[in-house]
Amino acid sequence: MIVGIIGATGYAGVELLRLLAQHPHVTGIHLASVSFEGEFIEQVYPHFLKKISLLLQKPEAVIADSDLVFASLPAGIAEDYAQACVAHKKPFIDLSADFRFGTDEETYTAWYGKPFRYMELHTESVYGLPELNRELIRNAPIIGNPGCYPTGASLAAFPAIAQGLAGTGTIIVDSASGVTGAGREPGRAYHFPECSDSMSPYKVGCHRHTPEISRNLSAMAGRAVPVIFTPHLVPMNRGILSTVYIPLADPVPVKGLLRPSAPAVTETTDEIRALYTAFYRDEPFVRVLPAPLTAATNRVRASNFCDISVHLDPAGSTLIVISAIDNMVKGAAGQAIENMNIRLGFEETTALDMIPAYF
């Protein structure tokens, strides 16, 4: 099978290439880059020297010569490429936000500032979070790969919502991301003196991933779920750590503020952890951590895992779930390949069963 990557010189595109080069069912890879057309990938990213040498071509050439196409582009560009792939019956996996909202043009336009150009494409698309839509992904002509923040936040909250633990209050998602999440284009906020030795929130109350998180949690709940999402930039290359606060439908009956080791809190936390473990028992890339471990980004680095740890506040009213993912793998390229594996009938873990790079 020959795959194509449009937008191959962005961070997610390069991660796609690194992972696909190890895929046993991929016999060839074509790359497209408007910015570096005519150059070779190893000229742009020298770490590929003596391993991969591929010419960066026009997107149209890549689509024509590939059996499946990934697009890793800014929002608002993917529809033309999706249309070309659908016309030639080639699966299209988009890593931008263009196909994450199905036919909900109103929400997409409100947050991304652009209307849909081809509504018929969106009626054929499927949101590509395997833990939510695995069966739909199997036959989808277009797959909208999830955002990085929504992936970690959604997986942290799904079991509590699905099992009726969550109340009707607002779910708060507090996330911290490495600098690669901002993409390859330089910007002042990502300049070394600006982001080194500092942690800063950004786009407070207005981040584009807010409606995607809310939509995912609402889909799991079968009702509208209000969400407050605040992202933070931290001085590391990879990783997203999300702390998700979920008001409980039935608070634990405790008196006053108890220590975390108090029997009522410990017993209830253990029960909820067991529920989470059962919920994700058959998911290859979700690891519910045993007590007393807490999710951390260094334990998922360069892997497709999402680690989850379960905690309870001392008052027994709020479930605190922490998730950790690598934003470039489970949050982007790895999940895209996971979707490819599902779509083409390969083993879901193919080329993704690497051990995390702890150091």
> Does T27 reach the main-chain N or O of M1 with its side chain, forming a donor-acceptor pair under 3.5 Å?
Replying inline: yes
>> If hydrophobic clusters are built from ILVMFWY residues whose side chains come within less than 4.5 Å, do I320 and L248 share one?
In response: no
> Is it true that D80 and R117 have a side-chain N and a carboxylate O under 4.0 angstrom from each other?
Replying inline: yes
> Does a donor on one side chain sit under 3.5 Å from an acceptor on the other, for E79 and H122?
Replying inline: yes
> For R281, does the CZ atom sit with more than 12 other heavy atoms under 6.0 Å from it, leaving out its own atoms?
Replying inline: no
> Given the rule in the side-chain hydrogen bond (donor to acceptor under 3.5 Å, both in side chains) test, do E347 and N341 qualify, once you have shown the distances and angles that lead to the verdict?
Replying inline: CA-CA 6 Å; E347 176 63 38; N341 289 338; over 6 Å; no
> Sequence neighbours excluded, which residues qualify as ring pair (Phe, Tyr, Trp, His ring centres under 6.0 Å) partners of Y358?
Replying inline: none
> Of all residues at least two apart in sequence or in a different chain, which pass the salt bridge (Lys or Arg N to Asp or Glu O under 4.0 Å) check with D326?
Replying inline: R238
> With a cut-off of 6.0 Å (strictly less than), are more than 12 heavy atoms of other residues, nucleotides or ligands near CG of N237?
Replying inline: no
>> Ignoring hydrogens and geometry beyond distance, is a side-chain donor-acceptor pair present between Y127 and N145 at under 3.5 Å?
In response: no
> Quick one: ring pair (Phe, Tyr, Trp, His ring centres under 6.0 Å) partners of H25, sequence neighbours excluded?
Replying inline: H23, F346
> Which residues pass the side-chain hydrogen bond (donor to acceptor under 3.5 Å, both in side chains) test with S323, sequence neighbours left out?
Replying inline: none
>> Once side chain to side chain contact (heavy atoms under 4.5 Å, CB included) is applied, do any residues pair with S309, and if so which ones, sequence neighbours excluded?
In response: L289, T294, A295, H311, I322
>> Tell me every residue that passes salt bridge (Lys or Arg N to Asp or Glu O under 4.0 Å) with D67, counting only those two or more places apart in sequence or in another chain.
In response: none
